[in-house]
Amino acid sequence: MCKKTIVLGVIGSDCHAVGNKILDKFYSDAGFNVINLGVMVSQDEFIDSAIETGAEAILVSSLYGHGEIDCMGFRERCTERGLEDIVLHVGGNLVVGKMDKAHIVEKFKDMGYDRVYTPDVDLQICLEELRADLKC
Amino acid sequence: MCKKTIVLGVIGSDCHAVGNKILDKFYSDAGFNVINLGVMVSQDEFIDSAIETGAEAILVSSLYGHGEIDCMGFRERCTERGLEDIVLHVGGNLVVGKMDKAHIVEKFKDMGYDRVYTPDVDLQICLEELRADLKC
Amino acid sequence: MEIQNKKIEKQEYLNAREEILAAWPTGQGVSIEEGVKYQQSLPESKRFASVLNQAVKEKKVLIQPRAGVALVDEHIELLKFLEEESDLLPTTIDAYTRLNRYDEAQKGIDKSRAAGHSLLNGFPAVNHGIESCRRIIESISKPVEIRHGTPDARLLAEISYAAGFNSFEGGGISYNIPYAKNVLLEKSIRDWQFIDRLTGIYQEEGITINREPFGPLSGTLVPPFVSHSIAIIEGLLALEQGVKSITLGYGQAGNMIQDIAAMQSLTELAHKYFGEAGFKDYELSTVLHQWMGGFPEDEARAFSVIAWGSVVANFAGATKVIVKTPHEASGIPTKEANLQGLKATRQMIQMTHDQCYFNIAELALEKEMIHREVDAIMAAVFEAGKGDIAVGAVKAFEAGIIDVPFAPAACNYGKMLPVRDNTGAVRVFETGNTPLPADVMNYHKEKIRERAAVEERDPCFQMVIDDIYAISKGRLVGRPR
Amino acid sequence: MEIQNKKIEKQEYLNAREEILAAWPTGQGVSIEEGVKYQQSLPESKRFASVLNQAVKEKKVLIQPRAGVALVDEHIELLKFLEEESDLLPTTIDAYTRLNRYDEAQKGIDKSRAAGHSLLNGFPAVNHGIESCRRIIESISKPVEIRHGTPDARLLAEISYAAGFNSFEGGGISYNIPYAKNVLLEKSIRDWQFIDRLTGIYQEEGITINREPFGPLSGTLVPPFVSHSIAIIEGLLALEQGVKSITLGYGQAGNMIQDIAAMQSLTELAHKYFGEAGFKDYELSTVLHQWMGGFPEDEARAFSVIAWGSVVANFAGATKVIVKTPHEASGIPTKEANLQGLKATRQMIQMTHDQCYFNIAELALEKEMIHREVDAIMAAVFEAGKGDIAVGAVKAFEAGIIDVPFAPAACNYGKMLPVRDNTGAVRVFETGNTPLPADVMNYHKEKIRERAAVEERDPCFQMVIDDIYAISKGRLVGRPR
């Protein structure tokens, strides 16, 4: 089992807690040391927590549609604050309205996220890809 | 009570029997001698029956949308066959698709029908107007 | 015309079929042998009876739409559009074919070709003939049933069976009384005995073709015992001719308890009467038709009527449900509206399917009433026919023993009058000549009096009128305005 | 911060309100006296409590939508569009106001004016102020409730009451736990005691303002005993401050029997605890929220979810039902979709309303369980608070005695985990610290084992995940794929 530390949270002013609880439980059961910041988390709160706990990945969720704005510039901010190598995953209902899935993935990969997930993803795949990214 | 004879039927190839049964019962209870020809009645069958029974009114129903075609020329045919003074009522879903109620009434009055009813009419009104038309 | 409930000699059928097939050019050369071979080539997944049996075993509720247009390619396209959301598919036949007016159906086909879209309200299977019909069977991966309303469907059956359709709706009573004005009951029963015999001949060759008497009849306040009696009679007539797979139907009346009681008692009563007549080797399933009466114009409201029928189909344990669409009030639906009806139905059935495990105290009484009513009618029918159910059926309609409310047929007595009680269950208001036991009839009267008291009016014909229009106006019971 | 369940002295409230009103310019000069006078001028037909009481007496199910946009005229237009099909109307407040960010709400108003349509997800009542709000009350002929999700709604209440709204949703627990992350429970309970006290002051002047704790909480697999316990606590807190008209809520969970049991036991338990606390002079009604979890994207499927909630509201005898729309999965509905939800709901309620007279055998057991569960929780809450329910509530959340599944609030314990059983009823999978009696917990475990056996998998967290997404995918129970 991989016991590495990961930081988890719902970004921006988003109050959706259900998926967050599911991810917490899921990654904890998978052996990770999950630092769950819950809902309404700012970019700097994610980074503060990752620095404090020595986390190797930040898992960002967004459900309320404003994910694009909230997630923009996060990779640059991480680098700025010394987290050059941190793994960034993002998932949820990332944009307002319906958009082609491939388009969404491309858009967020361009922003510097290592993995981009839409709501229909199988969590098992997220886990495998996180393990691959963290080499554990 | 008015015991005059009236002929009742659903015109054309229309098989809708429910309203016909209601009208039969309703006018019979009101005292009329109702000759009910049921469904799928041609113009000539209406006229034959009215001549045979000495009816003073013919009540035509149409539910399946083709009422306009089926009802056309009925007044002229009545006159042709000697029923110059017969009272003609028509009611039901008289046209295909949605059409303004006033427009429907006008169209059928132009065809020579004395009274034209849409499905939302109160039967009590039909009865009163029939009595007025038959002076009974 | 003399009829009796007796298996038709095979040779007699084969002789008669020459004339049946001669009625239209596409009938020429239709071969039962070749039809059997074709049917044998179909996989289990396209066999109606197999899919029904599997559903009965697994207590599943299957979903089936209505659908039919004039041209083959257009019809295939329609069925393919509905296929994913349907468990069973239909081919609904047009009105001209139902009246055996194949020449007019032909004009409809020609005009539809010219217009580029369907000018018929169904698929004229006889005119298209076997080869064209098989293109439907071969394009669709699910079983397809012929649904119509044809008093004399003998040629339609010959062509449909040979073409690979393996379920066929209708019956000598249920496709006469609500669909025709002047067809003799003896004639339609006899014609359907021929169809059942044809079904039996296919059965002898190992091909099970499912037969489905039409349950809802006039679709207007039909008390369960009336449609049940007819369903059982048509079942007995079919079994006699060698039919082995029977689906009995019932049209949702609107009160949940009565509808559950009706569906459960339908199965129980059918097994009872089929067994008493000596039949053991048959497969029985049931179908609930979502509300067949007037629908609300408004589509949102229509969705709730569809949803309520789905709840009832599920709690009643129907093997399949025939689905309405949000366009019901305005005629033939678009294929999109048809799909919407299917999706709404599936959502509701799936949400309620795991929660059928409850017992309603009031159900037993309703079921007991239906059992006693059907027993009374069936006894009178057997008596009228001196033991012969075919003869009995004809005499029962003459005498008003069986009496379908609001049916157009001249051979229907038409004096029995139903009305809803205070909870919306359908009761008998005027008995006519139906031989219901006195205490059962008192139960009906009492239930109607209960409603009358609440509405502060005497039981009256206006209640019946109000009830007929109630659902389209948003209610179940037609309360005074 | 220290709190207790004790009526706030009127002068203490009046002193505190100076600061409350100073939070935004529209609060200046808000007068209770003048508000009372305005409320007195409203006819009975615009008084929420009166309409609710009448419905309780007549056993009617009232229908209420959700609705709110940024600008007054646009909001009035929206309500007028929904008015005919609604029995009660809402004014749903925007997200900025819920967070007391009136400056951002103001920007939203200004931008909405410029854009010509609403850029806010609700009506910013505080920013618009009393005069503008009264235009709503005067334009609408039915009672209007303020619905929101505001942990500190003291200014909103002052303005709403003075403006003529006479029903106000929320509570110190139910508008904190599911809506906030870091608001102290002591703080939100205290703030809502002030709101209840304001309600009490209006009551002393003869103006009954209805108060409605928010029932559904996180809207995600909340077992009835959890939301019931919170509803009862908020009811007790409100009664103490002089509130006289209370509507307790519950969010449809999906299994009909459990939902009926929940609604019936909610009334019974509330009367029991209110009575035991010495309150007699109050009016109680109930509200069922149609499914609050994830909806299917497809509108036809969504209609069936709406319809199922309507069936349950009716059979459960809810005083009112809060209606979803076919656009639920994709966010804020158009006014047309909102109307469709209302129409579908009314059709279903009217079709099923006359047929509530039946007894389900399994109901008694479900009700008994809910009674025993709530009794266990309430006993522990009273004990934790040494008899004070306000103190007890705070300590109960700290200790996990009350534990709302999937809530965002940091002050929620978050260890109790629910899951559906084989019939779709919500059961407790992981107990956390909730003090359920051992035999009750065994009942839950047994029910979950039943499901696990059917699904041939061990009871597991994956079941919970599957359940959360089940209805949006067309089922109630999340079966393994």
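Order of the sequence lines fixes the chain letters, A, B, ..., with proteins taken first and strands second; residue numbering starts at 1 for each chain. This is a predicted model, so every value here is computed, not measured.
With chain C as partner, the option from D:Ala302, D:Gly474, D:Ala307 having the largest number of non-hydrogen pairs under 4.5 angstrom is D:Gly474.
Of the atoms belonging to C:Val311, it is side-chain heavy atoms, and not backbone ones, that fall under 4.5 Å from chain D. For C:Phe303, the part lying near chain D is the side chain, with the backbone staying farther off; criterion is any non-hydrogen pair under 4.5 Å. For a residue to count as touching a neighbouring chain, one of its non-hydrogen atoms must lie under 4.5 Å from one of that chain's; by this rule C:Pro296 touches chain D with the side chain only. Looking at C:Val305, both its backbone and its side chain come within 4.5 Å of chain D, counting heavy atoms on both sides.
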Return one line per donor-acceptor pair between chain D and chain C under 3.5 Å, naming both atoms and the distance rounded to 0.1 Å.
unit_1: D:Glu85; atom_1: OE1; unit_2: C:Arg301; atom_2: NH2; d: 3.2
unit_1: D:Glu85; atom_1: OE2; unit_2: C:Arg301; atom_2: NH2; d: 3.4
unit_1: D:Gly254; atom_1: O; unit_2: C:Gln355; atom_2: NE2; d: 2.9
unit_1: D:Met256; atom_1: N; unit_2: C:Gln355; atom_2: OE1; d: 2.6
unit_1: D:Asp298; atom_1: OD1; unit_2: C:Lys343; atom_2: NZ; d: 3.1
unit_1: D:Arg301; atom_1: NH1; unit_2: C:Gln347; atom_2: OE1; d: 3.4
unit_1: D:Arg301; atom_1: NH2; unit_2: C:Glu85; atom_2: OE1; d: 3.2
unit_1: D:Arg301; atom_1: NH2; unit_2: C:Glu85; atom_2: OE2; d: 3.4
unit_1: D:Ser304; atom_1: OG; unit_2: C:Ala344; atom_2: O; d: 2.6
unit_1: D:Lys343; atom_1: NZ; unit_2: C:Asp298; atom_2: OD1; d: 3.1
unit_1: D:Ala344; atom_1: O; unit_2: C:Ser304; atom_2: OG; d: 2.6
unit_1: D:Gln347; atom_1: OE1; unit_2: C:Arg301; atom_2: NH1; d: 3.4
unit_1: D:Gln347; atom_1: NE2; unit_2: C:Ile471; atom_2: O; d: 3.1
unit_1: D:Gln350; atom_1: NE2; unit_2: C:Gly474; atom_2: O; d: 2.7
unit_1: D:Asp354; atom_1: OD1; unit_2: C:Arg479; atom_2: NH2; d: 3.1
unit_1: D:Asp354; atom_1: OD2; unit_2: C:Arg479; atom_2: NH2; d: 3.4
unit_1: D:Gln355; atom_1: OE1; unit_2: C:Met256; atom_2: N; d: 2.6
unit_1: D:Gln355; atom_1: NE2; unit_2: C:Gly254; atom_2: O; d: 2.9
unit_1: D:Asn359; atom_1: N; unit_2: C:Glu362; atom_2: OE1; d: 2.8
unit_1: D:Asn359; atom_1: N; unit_2: C:Glu362; atom_2: OE2; d: 3.3
unit_1: D:Asn359; atom_1: O; unit_2: C:Ala361; atom_2: N; d: 2.8
unit_1: D:Asn359; atom_1: ND2; unit_2: C:Glu362; atom_2: OE2; d: 2.7
unit_1: D:Ala361; atom_1: N; unit_2: C:Asn359; atom_2: O; d: 2.8
unit_1: D:Glu362; atom_1: OE1; unit_2: C:Asn359; atom_2: N; d: 2.8
unit_1: D:Glu362; atom_1: OE2; unit_2: C:Asn359; atom_2: N; d: 3.3
unit_1: D:Glu362; atom_1: OE2; unit_2: C:Asn359; atom_2: ND2; d: 2.7
unit_1: D:Ile471; atom_1: O; unit_2: C:Gln347; atom_2: NE2; d: 3.1
unit_1: D:Gly474; atom_1: O; unit_2: C:Gln350; atom_2: NE2; d: 2.7
unit_1: D:Arg479; atom_1: NH2; unit_2: C:Asp354; atom_2: OD1; d: 3.1
unit_1: D:Arg479; atom_1: NH2; unit_2: C:Asp354; atom_2: OD2; d: 3.4

